[in-house]
There are 2 protein chains.
Amino acid sequence: MFCLSYLVSCLKRNSMHSFTEENYLKAIYKLEEKTGGRVNNTDLAKALAIHSATVTDMLKKMSERKWILYEKSKGFKLTGKGRKSAVGIIRRHRLWEVFLVSKLEFGWDEVHEIAEQLEHVQSEDLINRLDSFLGYPKADPHGDPIPDENGEFMKSEAVLLSKLKAGSKARFAGITDHSTAFLSYLDKIGLALGDTIKIGSIEEFDQSYILQLKSKKEIIVSSRVTNGILVVINY
Amino acid sequence: MFCLSYLVSCLKRNSMHSFTEENYLKAIYKLEEKTGGRVNNTDLAKALAIHSATVTDMLKKMSERKWILYEKSKGFKLTGKGRKSAVGIIRRHRLWEVFLVSKLEFGWDEVHEIAEQLEHVQSEDLINRLDSFLGYPKADPHGDPIPDENGEFMKSEAVLLSKLKAGSKARFAGITDHSTAFLSYLDKIGLALGDTIKIGSIEEFDQSYILQLKSKKEIIVSSRVTNGILVVINY
DNA sequence: CATAATTTTTAGATATATCTAAAAATTATG
DNA sequence: CATAATTTTTAGATATATCTAAAAATTATG
């Protein structure tokens, strides 16, 4: 019993982490992506919906365990090891989302919460087999890229739909707003990932767009929508 | 924030439970099945590889939360609610095992640990869709029955291979020894679930069996093996 | 049935992850 | 640059799940 728990605690220090640590890693990774640099305590606390004091404590521990580089009051960032781990979590999350949508026929607006749980299941073999079973998908149901076994993944050249001019044509390639409300709304107005979109015209007054869908249908969307959609032009 | 955590704690009390509680429920369920009656502290502690003192504490809590009926020093058993929950966990475990073997091509000796993690993912919708995706399997890769959505499942009429007489014929329907070592050994000697087995003869000296497999091959197995295998006769 | 053996419980710790309230440190602003 | 605003940290709690050591209760045995 002594031996076992000692071993377990050793393993934990070096290569494994609790759900909590995984959630911190993921949140930090996402914040780094968004801000492009160091992350601060307050933003992380907000992202995780917990209190700053808790974050301070946890960051100290994660720093000791070499998941992050932490300088008191100066913000922090992932170490190489921390980044690798975070990318692994994202790989797992996105592969499970593909499974849920393509195999179990969930809607793209229903999978996030379940994937949040599945992503914590520890088994490299499992994830690599899942990847193979799904045909090595390059993106999840929301268009977000899936890292491969080595943590490599494509940076997309997608741009916000709101950047396009009237008359241009593009492919719906991703979203920046991942809320269920937004996803359901897109379902409702008949916009799906992969669709070709032509911009009929742009209303100067409120920057709303008239879009022509491949179904010939025309829809009007607000700037809130055009700022939530990523497209690939030159298609 | 206050509201949310209050809500969460309420939910926890009534219908949800932590991984730990789920593991206790599952272990208690299995012990009840094995012993056919009340379970005691020591057996549960052994099954969970933790100390009795810890079990005493946890049982008090689980009793308050109405998962078990607990009388000090007299053993305990699951309540209706506790049983229902335990059966749900077993359903999830076994469905995931089917997924791992039939879709991801894991060996039947490789899936237990991963299913131990997957079984804790909370989503009824997920499990029912998985059930449908797998074609509503009646048994897991080890022949153990899978409860349906309502917690119903067949009691098997399988008996130990060691109960059969020379000359009888039966179908390999399940196992009582779920250890990886045993499963791998069966793989090695070429015995697989569903196989038809004919008992050539029984060695009186050590109760070892000579089995004739459908492949015409003959193998000799020890009583350790015939006591680990369940068969359905009259086939 | 008295004593020994076993089982269960109590008492007091520990680790993890969280909280609140207040203090300290840092950054922004007139 | 002094003060205000914001951010971070400290200090002291709490809940969960575990431990060890010892006491208490129960069960088995001569």
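Throughout, a chain's letter reflects where its sequence line sits, starting with A, and its residues are numbered from 1. Excluded from the calculations below are hydrogen atoms, water molecules and symmetry mates; all remaining heavy atoms, backbone and side chain alike, are included.
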- Item | Touch class at under 4.0 angstrom, heavy-atom based, for A:T20 against every strand present |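 It contacts sugar-phosphate atoms only.
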[X] [atom1] - [N] [atom2] separation (whole Å):
X: B:L44; N: C:dT6; atom1: CG; atom2: P; result: 20 Å
X: A:M62; N: C:dA17; atom1: CE; atom2: P; result: 10 Å
X: A:D43; N: C:dT27; atom1: CG; atom2: P; result: 14 Å
X: B:I50; N: C:dT9; atom1: CD1; atom2: P; result: 13 Å
X: A:L59; N: D:dT8; atom1: CG; atom2: C1'; result: 10 Å
X: A:M58; N: C:dA17; atom1: CE; atom2: C1'; result: 7 Å

Compare the minimum distances between each of [options] and the side chain of [X], then state the nucleotide with the smallest one.
X: A:Y24; options: D:dT8, C:dT8, C:dT18; value: C:dT18
X: B:K61; options: D:dT8, D:dT16, C:dT18; value: D:dT16
X: B:A53; options: D:dT18, D:dT8, C:dA11; value: C:dA11
X: B:D57; options: C:dT9, D:dT18, C:dA17; value: D:dT18
X: B:R65; options: C:dT9, D:dT16, D:dT8; value: D:dT16
X: B:T56; options: C:dC19, C:dT8, D:dA17; value: C:dT8

- Query: How long is the span from the CG atom in B:D187 to the CZ atom in B:F182, to the nearest 0.5 Å?
  - Reply: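 With rounding to 0.5 Å, CG (B:D187) is 11.0 Å from CZ (B:F182).
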- Spacing of NZ belonging to B:K26 relative to OG belonging to B:S85, to within rounding of 0.5 Å: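 Answer rounded to 0.5 Å: 12.0 Å.
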- Message: On the six-membered ring of B:F133, is B:K103 placed so that its NZ or CZ lies under 6.0 angstrom from the centre and within 45° of the ring axis?
- Response: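 Yes; both conditions hold, so B:K103 lies above the ring face of B:F133.
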